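Below is one structure; the comments refer to it alone.
Being a predicted model, the structure only gives us computed values, none of them experimental. In listed order, ligands and their atoms are each counted from 1.
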Amino acid sequence: MVFPDPLLHVDYSAIMARDDEKLHIVIFPWLAFGHIIPNLELAKHIAQKGHKVSFVSTTRNIERLPKPPPNLASLITYVKLPLPKVDNLPKNAEATADVPYDVVQYLKKAYDALQHPFSHYLESSNADWIFYDFAAFWVPSLASRFGMKTVFYSIFTPPFMAFMGPASYMIDNDPIRTKPENFTVPPPWVPFSSTVAFHYYEIMRIVDSVSDNDSGTSDTYRLGASIENCDLVAVRGCTELEPEWFQVLRDIYRKPVLPVGQLPSSGFNGGDENENDTWRGIKEWLDKQAHGRVVYVAFGSEAKPRQEEVNEIALGLEKSELPFFWVLRVRRGASDTEVLKLPEGFEERTKGRGVVWRGWAPQLKILGHGSVGGFLSHSGWTSVVEAVQNETPLVLLTFLADQGINARVLEERKIGYPVPRDKLNGSFTSDSVARSVRLVVLDDGGRVYRDNIKEVKNLFLNNQRQQKYIHQLLCHLRSRSHPKKGERVFRD
Ligand SMILES: *[C@@H]1O[C@H](CO)[C@@H](O)[C@H](O)[C@H]1NC(C)=O
Ligand SMILES: *[C@@H]1O[C@H](CO)[C@@H](O)[C@H](O)[C@H]1NC(C)=O
Ligand SMILES: *[C@@H]1O[C@H](CO)[C@@H](O)[C@H](O)[C@H]1NC(C)=O
Ligand SMILES: *[C@@H]1O[C@H](CO)[C@@H](O)[C@H](O)[C@H]1NC(C)=O
């Protein structure tokens with residue numbers, strides 16, 4: 001049986017008739033900026049339609065966010081909850097980027113302890129719906145206590161979620177995929193032919209990163225229970241771009257799955273009040289470079305490459321002879337003792353031609369500059385969307401989590417070129433980095449990547465379609481909240 005598209009069965013005219021009915025929606029992302037930012041973009045879209053949004057996170061995370069745009073300030077409220085103290089979590093560490101990878105489990109432990117202040121907040125919030133993230137698998141039980149409904153909002157893409165499989169397999173043990181190599185081929189519930197699967201080294205890094213479970217609950221259990229217990233699943237993505245993946249999700253979840261669109265960045269500024277000065281300096285340097293020649297290198301707010309990978313990337317950029325702007329996070333928080341180093345003499349040798357930037361950088365503005373001709377990226381979806389927004393062709397180098405699956409999707413459509421790597425251990429050489437960036441930025445052989453990123457833009461990021469997704473999501477929420485007050489809106 002095929003689970004129907006829920007949007008086909010909603011009587012929109014009945015809902016439009018009650019268009020004045022405004023909802024109060026609570027949004028509660030996981031403590032990672034890679035999650036907080038796409039949640040904030042969704043909050044803005046919801047508020048633009050006149051609904052009230054309470055955006056809940058910890059005190060320090062909220063303080064690091066930009067203020068809501070003035071026209072939405074009355075509709076978006078930031079709610080700060082103090083993060084409970086747990087052993088082994090450094091002081092002031094409230095987001096994943098503040099701690100080394102092996103400490104993230106203690107952040108999850110503290111996050112789980114947030115359910116008490118969160119519950120206290122909900123009690124007096126009068127909210128209709130709660131949007132929550134994969135780590136907060138306990139939200140539905142709180143919500144039901146207060147008569148609220150829940151949306152599991154996945155910032156992970158439909159192909160990644162489909163690859164992860166049915167919720168029950170994540171909650172118990174996957175009966176089909178018992179070995180890491182089983183994750184290197186598409187699973188049986190994907191009914192069409194596809195190259196989308198992990199490489200061996202990617203799945204091994206994931207196994208390594210989730211095997212420490214001092215938080216008491218594994219990531220797969222969290223994700224599975226989040227899907228299982230919500231009223232509705234909303235996924236970052238568009239049905240026009242990938243209808244087949246949305247259908248897989250409906251079939252394996254057997255509940256409504258709605259797209260929220262790609263939610264392109266509206267210019268998040270990292271909360272940095274010196275943003276304009278920072279940008280002025282960077283722009284001055286970019287202005288001096290040749291048009292479409294600069295390689296922009298950045299791996300998002302989470303990924304920290306290994307030292308040997310940093311060496312190959314650096315030497316590869318040097319060998320490419322192209323100008324480059326590399327945003328490099330050398331550590332994850334003040335407690336991270338493994339500070340990344342650049343190869344001996346690298347910065348002197350590339351002086352003038354390349355910049356290594358160790359702070360926050362205005363990525364969207366950099367990608368929009370005419371000098372930038374390629375983006376060496378980790379394939380994090382927010383970065384991918386920003387590359388498409390600016391028609392910047394992609395070179396892909398994955399590090400963790402969903403990045404491998406994202407990269408396969410982009411490779412399949414020839415939107416991004418993967419740096420060639422050893423299939424088993426993932427190692428790559430400076431020569432392969434140099435060849436890859438030259439291919440995508442200048443060589444004739446890489447024209448297809450430069451053309452395709454332009455071609456896919458409308459399918460990815462049509463504003464009208466983006467508005468339609470949000471409208472449909474809100475209609476759906478309205479049709480299902482306050483069931484006693486509302487009229488029946490589902491056709492039989
Ligand atoms: C999982 O991997 C093992 C070892 O390679 C193999 O024997 C088994 O058939 C695989 N299972 C599936 C469902 O592919
Ligand atoms: C956590 O790890 C231990 C030891 O590896 C294991 O016995 C336990 O089942 C795991 N717990 C969860 C919830 O995954
Ligand atoms: C930064 O520049 C933009 C556009 O030039 C301007 O609207 C904004 O007010 C400036 N922000 C600050 C903090 O100076
Ligand atoms: C990865 O495998 C390649 C090819 O077998 C080998 O040359 C290289 O030393 C390995 N790298 C690591 C880090 O194990």
(request) Would you list the pairs meeting side-chain hydrogen bond (donor to acceptor under 3.5 Å, both in side chains) in which at least one residue belongs to residues 180-198, sequence neighbours left out? (result) Thr195-Glu412
(message) Taking side-chain hydrogen bond (donor to acceptor under 3.5 Å, both in side chains) as the cut-off, I'd like each qualifying pair that reaches into residues 328-345, sequence neighbours left out, listed once.
(response) Lys304-Asp336
(request) State the atoms of ligand 1, each with its element, that fall below the 4.0 Å cut-off from a heavy-atom position in Ile176. (result) 13 (C)
(message) Parallel, tilted or perpendicular: which one describes the rings of Phe156 and Phe160, with boundaries at 30° and 60°?
(response) tilted
(request) Please state whether the rings of Phe375 and Tyr296 are parallel, tilted or perpendicular, taking 30° and 60° as the class boundaries. (result) tilted
(message) Strictly under 4.0 angstrom, heavy-atom based: which residues surround ligand 4?
(response) Asp422, Asn425, Ser427
(request) Would you please name every residue forming a side-chain contact (heavy atoms from CB on, under 4.5 Å) with Asn425, sequence neighbours left out? (result) Asp422, Ser427
(message) Between Thr58 and Glu94, do the side chains contain a donor N or O and an acceptor N or O under 3.5 Å apart?
(response) yes
(message) Tell me if a side-chain donor or acceptor on Lys288 pairs with a main-chain N or O of Gly352 at a distance below 3.5 Å.
(response) no
(request) Would you check whether Asn182 has a nitrogen or oxygen atom less than 3.5 angstrom from a nitrogen or oxygen atom of ligand 1? (result) yes
